[in-house]
Peer 1: 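Can you read through this structure? Questions will come right after.
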Amino acid sequence: MHENNLALEEKITGMILEASGSLYGNAPDADQVQLQQTRREFEGDITAVVFPFIRYSKKTPEQTGNDIGRYLVDHMPEIKSFNTIKGFLNLKIDPLYWTRYLNSLLNDPSFGLVKADPKVYVVEYSSPNTNKPLHLGHIRNNLIGFSLSRILEATGHKVHRVNIVNDRGIHICKSMLAWMKWGNGATPGTTGKKGDHLVGDYYVLFEQEYRKEADRLVQQGMDPDEARRSAPLIEEAQELLRRWEAHDSDTWKTWQMMNQWVDEGFNETYRALGVSFDKIYYESETYTHGKAIVMEGLDKGVFARHDDGSVWVDLTAEGLDEKVLLRSDGTSVYITQDLGTAHLRYEDFHFDRHVYVVGNEQNYHFQVLFKVLARMGFPWAQGLYHLSYGMVELPEGKMKSREGTVVDADDLISEMIDTATGMSKELGKLDGLETSEIERIMRIIGLGALKYFILKVDPRKNMTFDPKESIDFNGNTGPFIQYTYARIQSLLRNAAERKIPVPHGVPGHVIPNSKEQSLIRRLSMYATAVSEAAEEYNPALIANYVYELVKEYNQFYHDFPVLGEPDPATRELRIALSVCTGKVIRSAMYLLGIELPPRM
RNA sequence: GGUCCCGUAGUUCAAUUGGAUAGAAUAUCAGAUUCCGGUUCUGAGGGUUGGGGGUUCGAGUCCCUCCGGGAUCACCA
């Protein structure tokens, strides 16, 4: 049977409680038992905090630790010795336990992952508007959403990846109008431009012309607000929106054509990023669903209709404001649509949990959304969660579209690949490979750098993105981890050439040295890292775990020979260690959505 | 103004969720190394965790208060 580190920790926890009961006649709750990895400067592997026990023992922390330690050594064969320092009980594990653990890891295809109670998840991410290409913020969104989906799957859940495309509304009409006025029939085919960029250009053009018009009106003495409202261009755009809502056939043809361009453009970016979806919702198809819910809420008396016909929800009792749900003309607002799609998603998937990966500027919106759905009495509303990620800033400051400092996703991706290529050439690592192979590897490294740099940061926090720092080949970077993996692969190829077999197991009597033990212990923590990452919706926990592992492996690799080790049993141990490190790196990189190069 | 989030080495990020002397990377400095001032290795310095108070065996983490930064508060999406 598979023996993993969690099992050992559970066993120790149980035994500590037993010790307390037997020695002092009473014990605290199991969650009061805190185990942690022993710090390097002390002797031992696992450390228990004894403070929770002194109220039962009525002794000093040292005496209590010694009591419990002696009990554990007497009752658990895995524990060889102990020492107590200042209320911390350090336990030394039998080194042969680690040998057995390594063997189980070597033969376990699931790398010791722990399965939780399987639940059905919907994870929504990306959610682009079709009037502009994707930018750096979307990259963070997509990477977090995609990685989170894989992490949840790895812990045994069923995950539906979902994207909602905002393909209707006044912003779309703006780019349509500009294209109709000044486009001269330009298409991605005639201009050679990616569809989403082409449409984005017309959106920008609209905004420029619109601003000019408004400025002119202000110069003629009009109030600025009034000028923005009544400029002919914006009125034309609104007229276009009305025609769209009336299903005017010419308008719809143009709209569909331009949407298709954008769709193709987005798909190319998604492909480059390596993200995908199980279902794509289009707002144009779902935006009317919310009205029915609002009507239902009215019937239930959860909402109120004002004299002008608009419908409101009053959340002042819960510390929020009043919020409009239907305009006085009966049309939907933003939140109405989200009410509808949430309901629709439940009908589609019957989820237990629904995670929205959306930027933290919408915190308030989701608070309101969840409260409204809870008030409506939908039981599934309890499973809704807003994974609110922080903004991405540049070393020069925030991205501002007004100032043209928005980092375009496609530009960034190709820039990362170029930088990777430049650095590799300089280091002379590409000699003797075919061009297509080089391109493939550089793509993997460039994107690996980008993805790792973004995913290693706690999603909730705002972060600064520095392209130069992310592509570095050492330090806490993607390429550094990829490099270590490539070196392990090369080591194994080397072993095969020298007819050194990869062992199926290490002889049970081999005692690992302290660095090897420590590395095995690190490997054993992988399962914990994954389940915590799943519980906290935080891929960064895995990224930071893998970095620690790689650092420790490199140190080990630097200190001890692997293939050059003369003693066969020790050599097998070290090869097994390398194989398992490779396995865990591969698994973790998969969860982060980062590819591994065959060589570097 | 109301609500919410954030503040950790010069910089970018960690800190096992309340645990031991707050750690890495990068930058800087000092040695070593070579064809080189850019490579590699070794080492060092760098912190009152924004300030103050409180809770307890123990606080970067929890509570209060002030300071600073950000988001949001549309019949926009």
Side-chain angles (χ1 to χ4, degrees), chain A residues 9 32 34-42 46-52 54-55 60-61 64 84-90 127-131 164 166-172 174 238 241 283 287 306 308-312 315-316 318-338 358-368 386 388-391 393 395 397-398 426-428 453-454 456-458 460-466 468-470 472-477 480 525 528-529 532 535-536 538 540-541 543-545 547-548 550-552 558:
Chain A
E9 291 195 357
Q32 296 274 320
Q34 293 176 59
L35 299 181
Q36 54 190 289
Q37 194 183 350
T38 304
R39 297 211 153 199
R40 278 183 208 294
E41 56 268 34
F42 302 107
I46 293 180
T47 295
V49 184
V50 303
F51 289 109
I54 57 178
R55 50 184 293 224
T60 66
T64 311
T84 310
I85 296 166
K86 284 169 58 183
F88 294 88
L89 171 61
N90 303 317
S127 316
N129 289 346
T130 52
N131 61 326
I164 178 143
N166 278 290
D167 61 346
R168 53 140 248 131
I170 188 71
H171 52 292
I172 311 303
K174 288 178 180 177
Q238 269 152 1
L241 180 60
E283 200 184 278
Y287 78 107
H306 284 197
D308 61 4
S310 56
V311 179
W312 294 73
L315 295 170
T316 48
E318 299 171 72
L320 303 175
D321 298 320
E322 281 187 88
K323 184 91 191 167
V324 70
L325 299 178
L326 276 185
R327 296 193 187 96
S328 48
D329 64 5
T331 56
S332 303
V333 292
Y334 180 51
I335 195 162
T336 323
Q337 298 166 29
D338 272 353
V358 179
N360 62 11
E361 72 269 14
Q362 295 202 35
N363 284 355
Y364 182 76
H365 169 75
F366 280 99
Q367 265 188 48
V368 173
H386 175 205
S388 156
Y389 65 89
M391 304 173 47
E393 293 175 17
K398 274 162 76 172
E426 216 167 289
L427 297 170
F453 194 91
I454 286 177
K456 76 173 180 187
V457 182
D458 188 329
R460 286 176 288 269
K461 292 189 175 174
N462 289 1
M463 66 174 291
T464 306
F465 180 80
D466 188 346
K468 284 195 290 292
E469 204 177 310
S470 69
D472 212 327
F473 277 59
N474 40 41
N476 190 359
T477 65
F480 178 64
M525 288 157 61
T528 316
E532 274 178 20
E535 272 167 39
E536 294 178 31
N538 187 354
L541 295 177
N544 286 307
Y545 164 84
Y547 173 62
E548 295 292 329
V550 162
K551 234 179 21 173
E552 191 152 353
H558 182 262

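Chain identifiers are assigned alphabetically (A, B, ...) following the order of the sequence lines, protein sequences preceding nucleic acid strands; residue numbering begins at 1 within each chain.
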Peer 1: Between B:G19, B:U12, B:A77, spot the one nearest the side chain of A:Phe453, thanks.
Peer 2: B:U12

Peer 1: Does B:G1 pair with anything, Watson-Crick or G-U wobble, both distances under 3.5 Å, and if so, with which nucleotide?
Peer 2: B:C73

Peer 1: Since syn is defined as within 90° of 0, does B:U17 count as syn or as anti?
Peer 2: syn

Peer 1: Between the side chains of A:Asp329 and A:Arg327, is the shortest nitrogen-to-carboxylate-oxygen separation below 4.0 Å, so that they form an ion pair?
Peer 2: no

Peer 1: Let me know the distance between CG of A:Asn476 and P of B:U11, rounded to the nearest Å.
Peer 2: 18 Å

Peer 1: So which nucleotide from B:A77, B:U17, B:G19 ends up closest to the side chain of A:Gln362?
Peer 2: B:A77

Peer 1: Out of B:A24, B:A20, B:A71, which has the shortest distance to the side chain of A:Met391?
Peer 2: B:A71

Peer 1: Quick one: A:Gln37 CD to B:A15 C1', roughly how many Å, whole number?
Peer 2: 13 Å

Peer 1: Measuring only the C1' atom in each nucleotide, how far is B:C13 from B:C73? A whole number of Å is fine.
Peer 2: 32 Å

Peer 1: Looking only at side-chain atoms of A:Asn90, point me to the closest of B:C76, B:G19, B:A20.
Peer 2: B:A20

Peer 1: Roughly how far apart, to the nearest Å, are B:A15 and B:A22 at atom C1'?
Peer 2: 7 Å

Peer 1: So A:Asp466, base contact, sugar-phosphate only, or nothing? Heavy-atom distance under 4.0 Å.
Peer 2: nothing

Peer 1: With a 4.0 Å cut-off on heavy atoms, is A:Thr47 in touch with a base, just the backbone sugar-phosphate, or nothing at all?
Peer 2: base

Peer 1: If you measure from the ring centre of A:Tyr547 to the centre of the six-membered ring in the base of B:A24, is it under 5.5 Å, with the planes under 30° apart?
Peer 2: no

Peer 1: What is the separation between atom CG on A:Asp458 and atom P on B:C5, rounded to the nearest whole Å?
Peer 2: 14 Å

Peer 1: Please give the distance between the P atoms of B:A9 and B:G51 as a whole number of Å.
Peer 2: 10 Å

Peer 1: Using 30° and 60° as the class boundaries, would you call the ring planes of A:Trp312 and A:His306 parallel, tilted or perpendicular?
Peer 2: parallel

Peer 1: For the side chain of A:Asn129, starting at C-beta, report the closest nucleotide among B:A15, B:A77, B:U16.
Peer 2: B:A77

Peer 1: When only distance counts, do a donor and an acceptor, one from the side chain of A:Asn131 and one from the base of B:A77, lie under 3.5 Å apart?
Peer 2: no

Peer 1: Hey, is the side chain of A:Arg327 poking within less than 4.0 Å of OP1 or OP2 on B:C76, counting only N and O atoms?
Peer 2: yes

Peer 1: So what does A:Thr464 touch, heavy atoms closer than 4.0 Å: a base, only the sugar-phosphate, or nothing?
Peer 2: sugar-phosphate

Peer 1: Minimum heavy-atom separation for A:Arg460 to A:Asn538, with atom names?
Peer 2: NH2-ND2, 4.0 Å

Peer 1: If I pick the C1' atom on B:G54 and the same atom on B:U61, what distance separates them, to the nearest angstrom?
Peer 2: 15 Å

Peer 1: Rounded to the nearest 0.5 Å, what separates atom NE2 in A:His365 from atom NE2 in A:His386?
Peer 2: 8.5 Å

Peer 1: Using a 5.5 Å cut-off between ring centres and planes within 30 degrees, is A:Phe88 stacked on the base of B:G19?
Peer 2: no

Peer 1: Please check the phosphate of B:C13 (OP1 and OP2 only) for any side-chain N or O of A:Arg460 closer than 4.0 Å.
Peer 2: no

Peer 1: Could you tell me the Watson-Crick or G-U partner of B:G38, where both distances fall under 3.5 Å? Say none if there is no partner.
Peer 2: none

Peer 1: Could you tell me the separation between the OG1 atom of A:Thr464 and the CZ atom of A:Phe453, rounded to the nearest 0.5 Å?
Peer 2: 8.0 Å

Peer 1: Once you apply the 3.5 Å cut-off to both distances, tell me the Watson-Crick or G-U wobble partner of B:U28, or none.
Peer 2: B:A44

Peer 1: Quick check, does A:Phe42 stack with B:A20? I mean ring centres under 5.5 Å and planes off by under 30°.
Peer 2: yes

Peer 1: Taking 4.0 Å as the cut-off, does a side-chain nitrogen or oxygen of A:Lys461 come that near to OP1 or OP2 on B:A14?
Peer 2: yes

Peer 1: Take the protein atom OH of A:Tyr364 and the nucleotide atom P of B:C73, then report the distance between them rounded to whole Å.
Peer 2: 8 Å

Peer 1: Suppose you measure atom P in B:G70 against the same atom in B:U8; what distance do you get, rounded to whole Å?
Peer 2: 15 Å

Peer 1: Starting the side chain at C-beta, find the nucleotide from B:A77, B:C13, B:A71 nearest to A:Met463.
Peer 2: B:C13

Peer 1: With rounding to the closest Å, how many angstrom separate the P atoms on B:A44 and B:G50?
Peer 2: 26 Å

Peer 1: Which base, if any, makes a Watson-Crick or G-U wobble pair with B:C62, both distances under 3.5 Å?
Peer 2: B:G54

Peer 1: Is there a side-chain polar atom (N or O) of A:Lys86 under 4.0 Å from OP1 or OP2 of B:U21?
Peer 2: yes

Peer 1: Where do A:Met525 and A:Glu548 land on the side chain to side chain contact (heavy atoms under 4.5 Å, CB included) test, with the steps shown first?
Peer 2: CA-CA 11 Å; A:Met525 288 157 61; A:Glu548 295 292 329; over 6 Å; no

Peer 1: Rounding to an integer number of angstrom, what distance separates B:U28 and B:G23 when you compare their P atoms?
Peer 2: 24 Å

Peer 1: Base, sugar-phosphate, or nothing: which does A:Asp167 touch, judged by heavy atoms less than 4.0 Å apart?
Peer 2: nothing

Peer 1: Would you indicate, yes or no, if B:U26 has its OP1 or OP2 atom less than 4.0 angstrom from a side-chain nitrogen or oxygen of A:Asn474?
Peer 2: yes

Peer 1: On a whole-Å scale, what distance lies between the P atoms belonging to B:A20 and B:G58?
Peer 2: 14 Å

Peer 1: Send over the distance from A:Glu322 CD to B:G2 P, rounded to a whole Å.
Peer 2: 20 Å

Peer 1: Between A:Thr130 and A:Asp167, is there a side-chain donor-acceptor contact under 3.5 Å, judged purely by atom types and distance?
Peer 2: no

Peer 1: What's the spacing between A:Ile46 CD1 and A:Thr38 OG1 if we round to 0.5 Å?
Peer 2: 7.0 Å

Peer 1: Students often get this wrong, so: under 4.0 angstrom with heavy atoms, is A:Val49 touching a base, only sugar-phosphate, or nothing?
Peer 2: base

Peer 1: Which part of the nucleic acid, if any, lies within contact of A:Gln34, taking any heavy atom under 4.0 Å across all strands shown: a base, the sugar-phosphate backbone alone, or nothing?
Peer 2: base

Peer 1: Scan every strand shown for a Watson-Crick or G-U wobble partner of B:G7, both distances under 3.5 Å, and answer none if you come up empty.
Peer 2: B:C67

